[in-house]
Engineer: 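First, the structure itself, so that you have it in front of you.
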Amino acid sequence: MKDLVEFIGKSLADNPEQVRVEANDKGYETVYTLYVAPDDMGRLIGKGGRIAKAIRTVVKASAIKSGVQVHVEIDEAN
Amino acid sequence: MRSIEVVARTVDEAITEALDKLQAEREDVEITILDEGTKGFLGLGSRQAKVKVEQKAPIYEVKLEAAIAFLTELLGRMDVPATVTGTSDEESVELQVSGDDLGILIGRRGQTLDSLQYITTLAVNRQGGQWVRVNLDIGDYRAKREESLRSLAQRAATKVESSGRRLALDPMNAAERRIVHQELQEFAGVQTQSEGQDPYRRVVILPK
């Protein structure tokens with residue numbers, strides 16, 4: 001799953017080398033935080049959060065099979 | 001990809017001749033000079049020029065390949081092995097996904113399908129160049145959905161025409177609303193409009 005989030009992030013970012021994913025197991029769900037370069041925030045979130053929403057939809061669809069709850073956050077890498 | 005080698009008196013002449021043979025423009029080809037040629041002296045020791053001219057694939061073919069590669073890898077990482085095929089022209093890239101586990105990729109009301117299409121569009125257009133539209137269908141979902149939207153529109157319009165009362169359809173995305181509007185353009189007794197805000201925006205059919 002981390003693989004998938006990272007692949008999408010790298011495919012959409014202008015600075016793929018700065019893309020990093022952190023997984024946090026919260027028991028009932030796993031939160032994946034996608035860290036991208038500050039310049040890439042817009043490219044990953046999109047107008048009205050449209051891109052972020054599409055990413056979440058795809059990642060959640062993939063999680064259905066494994067029966068886990070997932071959540072994707074997007075944040076600036078520092 | 002077509003490629004030819006041409007020999008002529010000068011490099012320029014060889015290139016012109018090659019472009020002529022390929023029926024191509026200069027910006028659509030890759031030119032390699034194999035031999036500059038030399039005029040020699042009084043015709044002595046002269047050598048003709050030789051160039052290799054290779055036709056570049058059109059941008060939409062490059063984007064089709066990129067789209068297929070991207071989506072195949074994405075589906076692989078989603079653990080849903082599937083086959084991606086496609087065609088493309090100047091207007092759009094058309095992709096087809098076939099396989100066993102397609103329900104997951106379509107999602108409720110085609111939401112996942114729309115997201116996959118959107119992400120693929122962004123990924124293949126990221127590098128810039130000419131922007132291309134990507135249309136994605138999974139196991140005929142869109143084709144079937146379009147058919148059922150058309151028949152739904154016809155049934156609803158017939159109802160509005162006979163009752164003389166307006167009728168609001170379920171919320172739909174822009175692409176689906178367009179299909180309904182289009183379908184009822186020719187329907188004499190009614191007119192259509194969209195009302196509300198996404199994601200609840202819906203087509204309303206009104207008597208004329």
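Sequence lines set the chain letters: A, B, ... in the order given, protein chains first and strands last, and positions in each chain run from 1. Every value quoted in this text rests on a predicted model; they were computed, and no experiment measured them. Any value given below was found using the heavy atoms of this structure, including those in side chains, with hydrogens, waters and symmetry copies removed.
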Engineer: Tell me, for Arg43(A) versus chain B, whether the close heavy atoms (under 4.5 Å) come from the side chain, the backbone, both or neither.
Structural biologist: side chain
Engineer: Check this for me, if you would: do Asp114(B) and Arg142(B) make a salt bridge, where the nitrogen-to-carboxylate-oxygen distance has to be below 4.0 angstrom?
Structural biologist: yes
Engineer: What part of Glu73(B) lies closer than 4.5 angstrom to a heavy atom of chain A: side chain, backbone, both or neither?
Structural biologist: both
Engineer: Please look at Asn125(B) and chain A and tell me whether the side chain, the backbone, both or neither of the residue comes under 4.5 angstrom of a heavy atom of that chain.
Structural biologist: neither
Engineer: What residue, out of Asp79(B), Asp101(B), Ile119(B), has the most heavy-atom pairs lying under 4.5 Å from chain A?
Structural biologist: Ile119(B)
Engineer: Is it the case that the side chains of Gln191(B) and Gln193(B) hold a donor-acceptor pair, with the cut-off being a distance below 3.5 Å and no angle test?
Structural biologist: no
Engineer: Is it true that His71(A) and Gln69(A) share a donor-acceptor pair across their side chains at a distance under 3.5 Å?
Structural biologist: no
Engineer: A quick test of your reading: do over 12 heavy atoms of other residues, nucleotides or ligands sit less than 6.0 Å from CD of Gln154(B)?
Structural biologist: yes
Engineer: Heavy-atom cut-off 4.5 Å, strictly under: side chain, backbone, both or neither for Ala63(A) against chain B?
Structural biologist: neither
Engineer: If you measure only the distance, is there a donor-acceptor pair under 3.5 Å linking the side chains of Ser92(B) and Glu94(B)?
Structural biologist: yes
Engineer: Measure Ile8(A) against the heavy atoms of chain B and call it side chain, backbone, both or neither at under 4.5 Å.
Structural biologist: side chain
Engineer: Within this structure, what is the OH-CD1 distance for the pair Tyr32(A) and Ile74(A), rounded to the nearest 0.5 Å?
Structural biologist: 15.0 Å
Engineer: Tell me, side chain or backbone of Lys2(A) under 4.5 Å from chain B's heavy atoms, or both, or neither?
Structural biologist: neither
